[in-house]
There are 2 protein chains.
Amino acid sequence: MEHRIEKIKKQLHSQSYKLTPQREATVRVLLENEEDHLSAEDVYLLVKEKAPEIGLATVYRTLELLSELKVVDKINFGDGVSRFDLRKEGATHFHHHLVCIECGSVAEIEEDLLGEVESQVENQWGFEVKDHRLTFHGICKSCQKQTVAATTTTHMEQ
Amino acid sequence: MEHRIEKIKKQLHSQSYKLTPQREATVRVLLENEEDHLSAEDVYLLVKEKAPEIGLATVYRTLELLSELKVVDKINFGDGVSRFDLRKEGATHFHHHLVCIECGSVAEIEEDLLGEVESQVENQWGFEVKDHRLTFHGICKSCQKQTVAATTTTHMEQ
DNA sequence: GGGTTATTTATAATTGTTATAATTAATAGA
DNA sequence: TCTATTAATTATAACAATTATAAATAACCC
Ligand SMILES: [Mn+2]
Ligand SMILES: [Mn+2]
Ligand SMILES: [Zn+2]
Ligand SMILES: [Zn+2]
């Protein structure tokens, strides 16, 4: 944890930004909830617990800054809000997501998987790929089980 | 064109929705601007040209309805607005996008490309893939040329 | 036709996000 | 250390995209 804070601090300093207490509190919230996909409002409420005097605008500006520095990625799952996702430690690419259309759960894939596809895009379309966003929509493992269970039961009606 | 309208009309009827004049005008605008990625506001202004009495809320509701029927896909490129993208004629999957970080252009890839990756996801993660969203961010062909041209010129400084 | 339901319009309300002005904190030089 | 300058934050207003509401209109069914 401290190690990753330190790293982010250096990234800020390298662009002559400071890690202010408010920014640090925000980063800590992101680290403590790394598996989640928090909206700006979510982050704001969590930061407020440890630094009640923080303003919403500061959270927005901090998240924007962290996006520019590629510390976090801003993503959108189709509900009306932007969500903020920390880059994994040492990751060279943005990770992928599995969104369940039954239960709404969001799982992550850290493996790249797109090497082949990206060189194909570079060769056939002449597009120089710098980054990607990949989301699969479908049925998660546990929702699949539930469907099977429901269909094998005789009490399907209602 | 008429052929595709007819097809969409049937899709609506199959769920007992009607193709009202307002809905038809909206669909026509989408068909006439298939290569673009229009926001709801964009669509509204274009529909207004051929049916000036239409209301903004109707456009929003129509786009929402078409999304549910999978006639259009609602996408988000990170600016604050949702954009609406017609499914290509006969397409079984949502097409991919190449977004240029220099000039902002958006190109499309209709080829699937993800067959391998998706079976890997199904096998290794046990996730049943129903749909996908894939966007590459990078430098488009013409912006690459410009960069090369600029660096080979001796007058680089402004 | 008369009653019912679906759809649209006009408009108000809501929500996520950004801009503004005043205040506070950090920084650097005298 | 005092002072001037700049960076960052707070509180709040403004904005823009989207959704909800109520009244009007159109389509449908008996
Ligand atoms: Mn994630
Ligand atoms: Mn497209
Ligand atoms: Zn699920
Ligand atoms: Zn370009």
Side-chain angles (χ1 to χ4, degrees), chain A residues 8-9 11-29 36-69 71-85, chain B residues 8-9 11-29 36-69 71-85:
Chain A
I8 291 167
K9 190 173 180 175
Q11 282 185 267
L12 282 162
H13 283 166
S14 76
Q15 310 268 325
S16 58
Y17 290 113
K18 288 168 258 185
L19 184 64
T20 64
Q22 291 89 342
R23 286 175 182 165
E24 181 170 338
T26 304
V27 169
R28 281 186 190 279
V29 162
D36 295 332
H37 298 91
L38 304 174
S39 67
E41 186 79 24
D42 294 337
V43 174
Y44 172 61
L45 292 174
L46 289 166
V47 173
K48 246 179 135 47
E49 287 176 12
K50 54 179 66 175
E53 74 291 351
I54 201 169
L56 176 59
T58 302
V59 170
Y60 269 98
R61 259 180 294 102
T62 300
L63 291 171
E64 195 56 42
L65 179 60
L66 294 173
S67 290
E68 277 163 28
L69 296 176
V71 172
V72 306
D73 285 294
K74 195 176 181 178
I75 49 175
N76 194 297
F77 287 126
D79 52 349
V81 298
S82 294
R83 297 182 178 276
F84 296 86
D85 213 358
Chain B
I8 291 167
K9 190 174 182 176
Q11 282 187 265
L12 282 162
H13 284 166
S14 75
Q15 311 269 323
S16 59
Y17 290 113
K18 288 167 258 184
L19 184 64
T20 63
Q22 293 88 342
R23 286 175 183 164
E24 181 170 340
T26 305
V27 169
R28 281 187 190 279
V29 162
D36 295 332
H37 298 90
L38 304 175
S39 68
E41 184 81 24
D42 294 337
V43 174
Y44 172 61
L45 293 174
L46 288 167
V47 173
K48 246 180 134 52
E49 288 175 12
K50 54 179 65 173
E53 74 291 350
I54 201 169
L56 176 59
T58 300
V59 171
Y60 268 99
R61 258 179 295 102
T62 300
L63 291 171
E64 196 55 42
L65 179 61
L66 295 173
S67 290
E68 276 162 29
L69 296 176
V71 172
V72 306
D73 285 295
K74 195 175 178 179
I75 49 176
N76 194 297
F77 288 126
D79 52 350
V81 298
S82 294
R83 298 182 177 276
F84 297 86
D85 214 358

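Only this structure's heavy atoms are used, side chains among them; waters, hydrogens and symmetry mates stay out. Just so we're on the same page: letters track the sequence lines, and every chain starts at 1. Computed from a predicted structure; not experimentally measured.
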Can you confirm whether Leu12(B) sits close enough to Lys18(B) that some side-chain heavy atom of one is under 4.5 Å from a side-chain heavy atom of the other?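 Not touching, per the 4.5 Å side-chain cut-off.
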
Identified side chain to side chain contact (heavy atoms under 4.5 Å, CB included) counterpart of Val29(A) within the set Leu46(A), Val59(A), Asp36(A):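 Among Leu46(A), Val59(A), Asp36(A), the one meeting side chain to side chain contact (heavy atoms under 4.5 Å, CB included) with Val29(A) is Leu46(A).
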
Would you kindly give the [atom1]-to-[atom2] distance between [X] and [N], to the nearest whole Å?
X: Ile54(B); N: dT25(D); atom1: CD1; atom2: C1'; answer: 15 Å
X: Leu19(A); N: dT27(C); atom1: CG; atom2: P; answer: 12 Å
X: Tyr44(A); N: dT15(C); atom1: OH; atom2: P; answer: 16 Å
X: Glu64(A); N: dT18(C); atom1: CD; atom2: P; answer: 6 Å
X: Leu45(A); N: dG16(C); atom1: CG; atom2: C1'; answer: 13 Å
X: Asn76(A); N: dT18(D); atom1: CG; atom2: P; answer: 11 Å
X: Arg83(A); N: dG16(C); atom1: CZ; atom2: P; answer: 10 Å
X: Glu24(B); N: dT8(C); atom1: CD; atom2: C1'; answer: 16 Å

Sugar-phosphate, base or nothing in reach of [X], heavy atoms under 4.0 Å:
X: Thr58(A); answer: base
X: Glu41(A); answer: nothing
X: Ser82(A); answer: sugar-phosphate
X: Arg61(B); answer: base

Heavy atoms from C-beta onward define the side chain here; which of [options] lies closest to that of [X]?
X: Tyr17(A); options: dA19(C), dA20(D), dA8(D); result: dA8(D)
X: Glu53(A); options: dT10(D), dA10(C), dA17(D); result: dT10(D)
X: Tyr60(A); options: dT9(C), dT7(C), dT17(C); result: dT17(C)
X: Thr20(B); options: dT7(C), dA26(C), dT10(D); result: dT7(C)
X: Lys18(A); options: dT9(C), dA26(C), dT17(C); result: dA26(C)

Quick one: do Glu64(B) and Lys74(B) make a salt bridge, cutoff under 4.0 Å?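 So Glu64(B) pairs with Lys74(B) through a salt bridge.
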
Specify the residue among Leu56(B) and Gln22(B) whose closest nucleotide of DNA chain C lies further upstream toward the 5′ end.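 Comparing both residues, the 5'-ward one is Gln22(B).
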
Is atom OH of Tyr17(B) surrounded by more than 12 heavy atoms (other residues, nucleotides or ligands) closer than 6.0 Å?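 No, not enclosed.
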
Under the 3.5 angstrom rule, does the side chain of Arg23(A) hit a backbone N or O of Thr62(A) as a donor-acceptor pair?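 Absent.
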
